[in-house]
Protein chains: 2
Amino acid sequence: MTQESPLGTATFQLGILGGMIFEAYGARLETIGLKVKHVAVLTALAEFGPTAQQDLARTVRVAPSLVVLYADQLEHLDAVQRVRDAGDRRRQLLSLTPAGKHLLAKAATLAREVDAEFLGALRPEEVQGLDAALRTLSAKHLTVPR
Amino acid sequence: MTQESPLGTATFQLGILGGMIFEAYGARLETIGLKVKHVAVLTALAEFGPTAQQDLARTVRVAPSLVVLYADQLEHLDAVQRVRDAGDRRRQLLSLTPAGKHLLAKAATLAREVDAEFLGALRPEEVQGLDAALRTLSAKHLTVPR
DNA sequence: TATTGTTATACTCTATAACTATA
DNA sequence: TATAGTTATAGAGTATAACAATA
C-alpha cells in the first residue's frame with residue numbers, strides 16, 4: 001500500500017523537529033545577544049582556526065555579503081577580530097578572541113540545555129540510537145564544501 | 001572538562017541537518033508547485049479532516065493571515081476547497097479535494113526520496129535507532145497546541 | 001462585545017549585483 | 001583581469017495590526 005502522507009517520513013519529522021529546536025535554541029541565545037548563525041560562525045572559527053570571510057561563507061553556506069554582517073556584529077561584541085592577511089592584503093582573517101571563546105562556551109551550555117529539554121522524553125537507548133545516527137549523518141553532510 | 005563548542009550537541013546537529021533536509025525537500029517540491037508549508041497544511045487536513053483556518057493556524061504554527069495565503073494558493077491548485085460552516089457562517093472549513101490527496105501522495109513520495117538520499121549513509125541499525133527516536137520525539141512535540 | 005477570516009502594512013532575513021582595493 | 005571584501009538594493013517570508021462579516 002502506498003503511504004499517502006509524508007507525516008511518517010524522517011524528512012518531514014527531522015525538518016519540523018529541527019525547526020522547532022532551532023526556534024527554542026534561538027530564544028535562549030537571545031539572552032547572550034547571539035543568533036544561531038552567529039554561533040555557526042564562531043563554531044567554524046573554533047573548528048578551523050582563523051579563516052578568511054570568503055571561505056567562511058562556504059563553510060556556513062551563506063552569501064559572502066552575510067558573513068560581512070555577522071562579522072560586524074561579532075566584532076562589535078568583541079567576539080572576533082579581523083586581521084589583514086600579510087601575504088594577501090585583500091583577505092580579512094577572522095579569529096576568535098578570548099571573549100569569543102567564552103561566548104561560544106556559553107552557547108554550548110545553552111545547546112545542552114535544549115538537548116535536555118527536547119530529548120528528555122527519550123529513553124536512554126533511544127538517546128544512544130539518535131546520537132549514533134546523528135554522528136554518522138553529521139560526518140556525511142556537515143562537511144565543508146570545496 | 002567543559003565542552004567548549006555546540007558542535008557535538010543534538011540541538012546543533014538536528015537543527016542544521018533539519019534545515020538541509022528541508023532545503024533538499026523544498027527543491028524537489030518545486031517540481032509539483034508546492035512549498036514545505038503547503039505540504040504541512042495538506043498533511044494536517046489529511047490527518048484531521050476538514051478544518052477551520054483559525055484552527056489550522058494553531059496546528060501548523062503560523063499566523064492566521066498566512067493560512068489565508070496558503071489556502072488561496074492551494075485553492076488555486078484545486079488541492080483544497082473552502083466551504084462555509086453552516087453552523088457558524090464566519091468559519092471557512094478547508095477540505096482536501098481528490099486532486100489535493102493526489103498531490104499529497106506525490107509529496108510523500110518525494111519525502112521518501114529525500115529519506116533515501118540523506119539516510120543512505122546509515123547502517124540499518126542506525127536507521128532503526130533514528131526512527132525509534134523520531135517516533136517518540138514526534139509524539140511528544142508534533143502535537144496540536146490547544 | 002467577541003471571534004473568523006481577510007487585507008494592509010511593516011519588519012526580518014537573505015540573495016544579487018554594483019563598487020573598492022588589492023593582486 | 002581577476003579576486004576579497006564591502007555596500008546598496010531588492011525580493012521572499014512572515015508577523016502585527018486594522019477591518020468586515022457574523023455570532
Side-chain angles (χ1 to χ4, degrees), chain A residues 15-16 18-20 22-23 25-27 29-30 33-41 44-45 48 50-76 80-95 144-146, chain B residues 15-16 18-20 22-23 25-27 29-30 33-41 44-45 48 50-76 80-95 144-146:
Chain A
I16 291 184
M20 293 176 67
F22 261 4
E23 198 181 310
Y25 189 33
L29 284 174
E30 275 182 19
L34 296 183
K35 302 192 174 181
V36 172
K37 293 282 184 174
H38 296 131
V39 176
V41 169
L45 292 180
F48 300 112
T51 308
Q53 297 183 190
Q54 203 86 209
D55 296 335
L56 221 37
R58 266 197 307 277
T59 304
V60 186
R61 292 166 210 264
V62 296
S65 59
L66 278 182
V67 175
V68 175
L69 176 66
Y70 300 142
D72 285 349
Q73 295 166 341
L74 289 170
E75 206 176 28
H76 207 77
V80 303
Q81 277 185 329
R82 280 181 165 102
V83 184
R84 280 278 166 210
D85 185 334
D88 180 344
R89 294 188 42 73
R90 291 171 305 180
R91 294 161 65 87
Q92 303 260 38
L93 299 182
L94 249 57
S95 70
V144 182
R146 179 52 260 166
Chain B
I16 291 183
M20 293 176 68
F22 261 3
E23 196 181 311
Y25 189 34
L29 285 174
E30 275 182 20
L34 296 183
K35 301 190 176 183
V36 173
K37 294 280 183 175
H38 296 131
V39 176
V41 169
L45 292 179
F48 300 112
T51 308
Q53 297 182 189
Q54 202 87 210
D55 296 335
L56 222 37
R58 264 197 309 277
T59 305
V60 185
R61 292 164 211 266
V62 296
S65 60
L66 277 181
V67 175
V68 175
L69 176 66
Y70 301 142
D72 286 348
Q73 295 165 341
L74 288 171
E75 206 176 29
H76 207 77
V80 302
Q81 277 183 331
R82 279 182 166 100
V83 184
R84 279 277 166 212
D85 184 335
D88 181 343
R89 294 187 44 72
R90 291 171 306 180
R91 293 160 65 87
Q92 302 259 38
L93 299 182
L94 251 56
S95 70
V144 183
R146 177 55 258 159

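Throughout, a chain's letter reflects where its sequence line sits, starting with A, and its residues are numbered from 1. Computed from heavy atoms alone, side chains included, the values below leave out hydrogens, waters and symmetry copies.
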C:dT6 phosphate, OP1 or OP2: any side-chain N/O from B:Q92 under 4.0 angstrom? yes
note: A:R89, atom CZ; D:dT6, atom P; distance rounded to Å ~ 13 Å
What residues, two or more places apart in sequence or in another chain, satisfy side-chain contact (heavy atoms from CB on, under 4.5 Å) together with A:T59? A:A44, A:F48, A:V144
Go through A:V36 and B:I16 one step at a time and tell me if the side-chain contact (heavy atoms from CB on, under 4.5 Å) criterion holds. CA-CA 10 Å; A:V36 172; B:I16 291 183; over 6 Å; no
Residue pairs passing the salt bridge (charged side-chain N to carboxylate O under 4.0 Å, His left out) test with at least one member in residues 66-75 of chain B, sequence neighbours excluded, are B:D72-B:R82, B:E75-B:R82
Closest non-hydrogen atom pair between B:V60 and B:A40, with its separation: CG1-CB, 3.8 Å
For B:D55 and B:R91 the tightest heavy-atom approach is OD2-NH2, 3.5 Å
Sorted by position of nearest nucleotide on DNA chain D, 5' first, the leading residue of A:Q54 and B:D85 is A:Q54
Listed partners of B:Y70 passing side-chain contact (heavy atoms from CB on, under 4.5 Å), at least two apart: B:K37, B:H38, B:V41, B:V62, B:L66, B:Q73
Please state whether the phosphate of D:dT6, meaning OP1 or OP2, lies under 4.0 angstrom from any side-chain nitrogen or oxygen of A:R82. yes
Of the listed nucleotides (C:dT6, D:dG5, C:dT4), which one gets closest to any side-chain atom of B:Q53? C:dT6
Side-chain N,O (A:K35) to OP1/OP2 (C:dT12) below 4.0 Å: no
Got a sec, which residues hit side-chain contact (heavy atoms from CB on, under 4.5 Å) with A:R84, two or more places apart in sequence or on another chain? A:R89, A:Q92
Between C1' on D:dT6 and CZ on A:R91, what's the gap in Å once rounded to a whole number? 16 Å
Within the sub-3.5 Å range, which N or O atoms of nucleotides 1-3 of chain D have a protein N or O partner, and how far apart are they?
from: D:dT3; atom 1: O4'; to: A:R90; atom 2: NH1; distance (Å): 3.4
from: D:dT3; atom 1: O2; to: A:R90; atom 2: NH1; distance (Å): 2.9

B:V68 side chain: which of C:dT7, C:dT4, D:dG5 is closest? C:dT7
For residues B:A63 and B:A57, report the shortest heavy-atom separation together with the two atoms involved. C-CB, 4.3 Å
If you take all heavy atoms of B:V80 and B:A71, which pair is closest and at what distance? CG2-O, 4.0 Å
Could you state the atom-to-atom distance from CG of B:D55 to C1' of C:dT4 in whole Å? 10 Å
Would you kindly compare B:A52 and A:G87 by the position of their nearest DNA chain C nucleotide and give the one closer to the 5′ end? B:A52
Need one value for B:R84: base, sugar-phosphate or nothing, where a base atom within 4.0 Å counts as base even if backbone is also close, heavy atoms only. nothing
B:D72 CG to C:dT6 P, straight-line distance once rounded to whole Å: 7 Å
Between the protein and nucleotides 14-17 of chain C, list every N/O to N/O distance that falls short of 3.5 Å.
from: C:dT14; atom 1: OP2; to: A:Y70; atom 2: OH; distance (Å): 3.0
from: C:dA15; atom 1: OP2; to: A:A63; atom 2: N; distance (Å): 3.4
from: C:dT16; atom 1: O4; to: A:S65; atom 2: OG; distance (Å): 2.9

Gap between atoms CG and C1', on B:L93 and C:dG5 respectively (whole Å): 12 Å
